[in-house]
Amino acid sequence: MKERLVLVGNGMAGVRTLEELLKLAPEEYEITVFGAEPYPNYNRIMLSPVLAGEKTIDDIILNDRNWYEEHGITLHTGDPVVEIDRVNRKVVSRSGLEVPYDRLLLATGSNPFIIPVPGSDLPGVLGFRDIADVDAMLEASKKYKKAAVIGGGLLGLEAANGLMQNGMEVTVVHLMDILMERQLDRTAAQLLKRSLEERGMKFLMEAQTAEVLGEERVTGLRFADGSELEADLVVMAVGIRPNIELAQKAGLYCERGVVVNDTMQTYDPRIYAVGECVQHRGQTYGLVAPLFEQAKVAANHLARIGIARYEGSVTSTKLKVTGIDLFSAGEFNEQPGDETLVLQDPARGVYKKLVVRDDRIKGAVLYGDTIDGTWYFQLLREGTDISDFRNTILFGQHDLGDAGHGDETRVAALSDDAEICGCNGVTKGQIVDAIQTQGLFTLDEVRAHTKASASCGSCTGLVEAILASTVGEGYEAQPSKKPMCGCTDYSHDEVIKAIKEQELKSLRAVMDFLEWKTPDGCASCRPALNYYLLAYWPEEYHDDPQSRFINERAHGNIQKDGTYSVVPRMFGGLCTPDQLRAIADVADKYQVPEMKVTGGQRIDLFGVKKEDLPAMWKDLTDAGFVSGHAYGKALRTVKTCAGKKWCRFGTQDSTGLGVKLEELTWGSWMPHKFKLAVSGCPRNCAEATIKDFGVVCVDSGYELHVGGNGGIKVRVTDLLCKVETEEEVLEYCGAFIQLYREEAHYLERTAPWVERVGLSYIKERILEDEEGRRALYDRFKVSQKYAQVDPWKERAEGGQAHEFRPLKLTA
Amino acid sequence: MSNWKEVANLEEIPKLGSRVLETDQGRIALFRTSDDEVFALRDACPHKQGPLSQGIVAGHTVTCPLHNWKIDLESGEALAPDEGCTNVYPVKVESGVVFLQL
């Protein structure tokens with residue numbers, strides 16, 4: 001018989017836990033849910049848009065009743081649990097239902113704090129917590145004119161904005177002298193206040209409510225200084241208190257919240273608790289992102305997997321008031337000794353402040369331009385050393401290079417038909433609509449449903465910003481430790497470490513050791529693992545063709561019609577008449593419909609049938625060509641200019657050096673594609689400063705540049721160093737490549753990798769550690785011994801024949 | 001109506017891989033999963049007709065090489081949130097020989 005799981009509290013945290021649990025172990029439990037409200041699970045953080053009239057209640061239902069039915073879950077709405085009998089392991093509901101449990105999940109949430117002043121129980125005094133509160137507010141706005149909102153925090157301002165949208169005159173009463181003091185510093189708070197005042201909101205600052213006035217219904221407020229404010233509706237939004245009444249009654253240990261350990265268990269190990277009712281390591285949380293992290297952990301344990309731990313959350317906040325861009329995270333008020341970086345542009349209404357300690361971001365407040373909020377938040381959580389780019393950090397991530405969205409930084413100001421994702425043609429309106437109607441919370445979910453940022457990824461920042469501004473504090477930022485894919489909870493770094501330290505030398509060994517959740521992995525992790533194994537164990541690991549993306553399996557680029565393109569390697573872009581004739585002959589013989597000179601100084605033959613590839617390769621191989629790897633996460637081209645042999649400005653033999661570099665590096669597999677260039681003088685005709693590794697020749701030697709990119713996100717290289725001889729160029733290049741091969745994540749270009757680890761780190765490994773550099777270079781050469789086997793020749797000679805020969809059904 | 005046709009030996013299809021079968025009705029992709037089951041689907045993704053035979057096989061799904069749609073090998077249906085379906089043909093394997101019903 002199945003064990004019985006009872007969920008007390010039909011809100012976001014509890015139901016999210018069930019969803020996670022059903023993903024992991026759909027048949028494990030017979031599940032019963034009790035909810036106090038008469039609704040199925042809805043998106044509580046979208047109450048503000050409902051109040052503002054931008055959404056209806058139906059829009060914000062996350063799991064309708066069908067969902068419960070489909071998953072065989074018994075749902076009791078409008079019937080709160082009033083007693084937990086831990087001895088007999090059963091719960092009792094208000095209507096008298098008794099349901100036994102083997103495991104119990106408490107997700108009782110929180111209650112709005114009602115200030116204990118005389119009159120606070122009068123009709124017309126509300127909290128802002130559930131659909132009933134919103135209904136009452138909407139009702140009141142039809143009959144009454146004047147509203148007072150007590151509390152100038154996130155919730156209070158959203159309530160005030162909503163009431164104003166419904167035509168009420170609203171005064172916000174706040175105890176402190178600045179708004180949202182838990183999220184904003186003084187300057188940002190003043191900007192916010194001014195902007196809300198322009199919309200017609202009124203404020204009473206430093207006002208302590210002493211009494212709610214009225215006989216049968218509220219008529220106003222009296223403050224500690226004796227002054228009064230007229231109001232026919234009072235909303236108290238001064239904070240929430242974990243709802244621990246039930247847990248306390250059952251004798252569970254509680255402080256401010258129900259105390260849980262890192263596996264979300266209360267002092268009674270059969271009873272789990274998640275969400276706002278919980279106190280974990282002394283912290284309580286009122287935002288949704290941490291609740292979802294807790295839900296994952298609780299589900300993991302309920303499914304008896306038992307490896308996940310909750311270690312607390314760093315939270316960030318966005319205000320959901322349409323048209324106001326506001327972001328804050330971490331310790332946004334500086335401590336003595338901290339540095340603050342500030343950018344203020346009153347005319348544009350922009351204010352950005354970063355609190356920095358030891359070259360690491362500790363907190364951020366952004367007003368008016370919040371697109372970089374997610375980036376700063378990531379730097380904050382990852383503790384990234386910002387010394388390499390702190391001089392431009394306030395100008396945002398796009399200042400480091402960007403695809404041209406530069407000015408579109410005010411997400412809230414973008415119109416609904418603004419195209420966000422140029423690859424898939426997705427507009428802001430479509431993204432917002434999907435987030436709201438499908439109840440999406442993460443970037444991955446938005447990608448899956450809308451395809452926005454799912455192709456080249458250059459609009460990821462914009463999509464994240466839209467997500468953040470749409471769901472407000474509900475935005476679930478990408479966790480700093482990001483699992484490689486859905487098949488594992490381990491990150492790329494952890495997988496790499498295990499492969500290296502545990503000497504795992506096959507896909508099976510990696511998946512077994514790290515307890516992969518799927519039998520075969522997936523199209524995302526298998527190519528990554530195959531690469532890591534190849535990079536770490538070049539002498540022992542045998543490439544797995546079935547874990548290669550088709551381009552690398554068939555050694556050509558698949559085109560949209562299923563044909564392939566063929567690009568022979570032309571070292572340094574040099575070629576001979578005989579080679580060109582051979583290419584022309586091949587093109588004729590196989591009726592290649594189109595030829596093109598590529599940007600990497602070679603020739604692309606398009607429209608080749610897969611069946612023809614091996615024969616074509618044979619002809620090319622006979623003419624002395626090897627594969628150009630134009631299809632691979634591999635060394636692509638070495639672009640060169642004419643150089644000193646011909647050019648009157650040339651300072652060194654750039655073409656010759658390019659050929660030497662290509663001879664050294666061709667055939668190597670990389671985390672992503674890798675491009676080189678050599679320019680013969682600082683005029684830089686080979687565009688070396690937007691390559692992964694670029695050489696700019698000067699009269700006295702060679703400048704080495706790294707981490708450039710001319711693609712999705714244009715990024716100019718960083719200067720690594722200057723060397724004097726060609727031998728040194730080769731050694732530094734090989735060492736840099738090997739460092740990248742060993743330490744970057746699969747599918748991470750050098751540009752984001754250099755930004756992630758920092759140029760200082762690269763310098764430390766390549767420049768300062770001479771012995772280390774040599775060792776890297778040696779390892780690269782060892783790996784090249786195995787990599788520089790021409791895949792075309794192998795296949796021309798009959799290797800992997802099944803890949804290219806179709807089966808035929810003979811009648 | 002039973003109209004089983006012998007189309008290949010199991011060994012001719014790589015594990016976690018596929019072969020293309022040319023027929024009068026167009027190209028059919030034969031997939032072999034890690035548990036040695038064989039599936040046959042029309043070699044065209046419901047999205048933009050990408051050749052599914054060229055995709056990566058994992059579990060009982062294949063990922064289309066063009067735009068990463070995941071297709072269920074048993075039903076031919078795209079996995080949520082994508083929507084679409086491609087034809088599935090009945091397959092059986094008897095003593096190492098793959099039969100297809102057209």
Side chain proximity check, B:W4 to B:L102, heavy atoms < 4.5 angstrom: no
Verdict with supporting geometry, B:R32 and B:E37, side chain to side chain contact (heavy atoms under 4.5 Å, CB included): CA-CA 6 Å; B:R32 178 175 169 195; B:E37 282 198 55; over 6 Å; no
A:H672-A:Y746 side chain donor-acceptor pair, cut-off 3.5 Å: no
Contact class of B:L16 relative to chain A, heavy atoms under 4.5 angstrom: both
Under 3.5 Å side-chain donor-acceptor pair for A:Y631 and A:H555: yes
Portion of A:P545 that has a non-hydrogen atom of chain B nearer than 4.5 angstrom: neither
Interface moiety of B:I13 toward chain A, non-hydrogen atoms closer than 4.5 Å: neither
Portion of A:Q559 that has a non-hydrogen atom of chain B nearer than 4.5 angstrom: backbone
Pairs of heavy atoms under 4.5 Å with chain A: top-ranked of B:G50, B:A80, B:S53, B:G17: B:G17
Winner by heavy-atom pair count (cut-off under 4.5 Å) against chain B, out of A:T518, A:I550, A:D561: A:I550
Contact class of B:V57 relative to chain A, heavy atoms under 4.5 angstrom: backbone
Contact origin within B:E6 toward chain A - heavy atom pairs under 4.5 Å: backbone
Residue A:R548 versus chain B: region with a heavy atom under 4.5 Å: backbone
Ionic contact status for A:K517 with A:E515, cut-off 4.0 Å: no
B:D82, part contacting chain A, at a heavy-atom distance under 4.5 Å: side chain
Charged N-O contact under 4.0 Å between A:R795 and A:E803: no
Interchain contact, A:E611 with chain B, by part (heavy-atom threshold 4.5 Å): side chain
Derivation and outcome, salt bridge (charged side-chain N to carboxylate O under 4.0 Å, His left out), residues B:E22 and B:R27: CA-CA 5 Å; B:E22 291 184 343; B:R27 291 182 157 221; 3.1 Å; yes
Modelled atom types, side-chain donor and acceptor of A:E19 and A:N63, under 3.5 Å: yes
Interface moiety of B:P65 toward chain A, non-hydrogen atoms closer than 4.5 Å: both
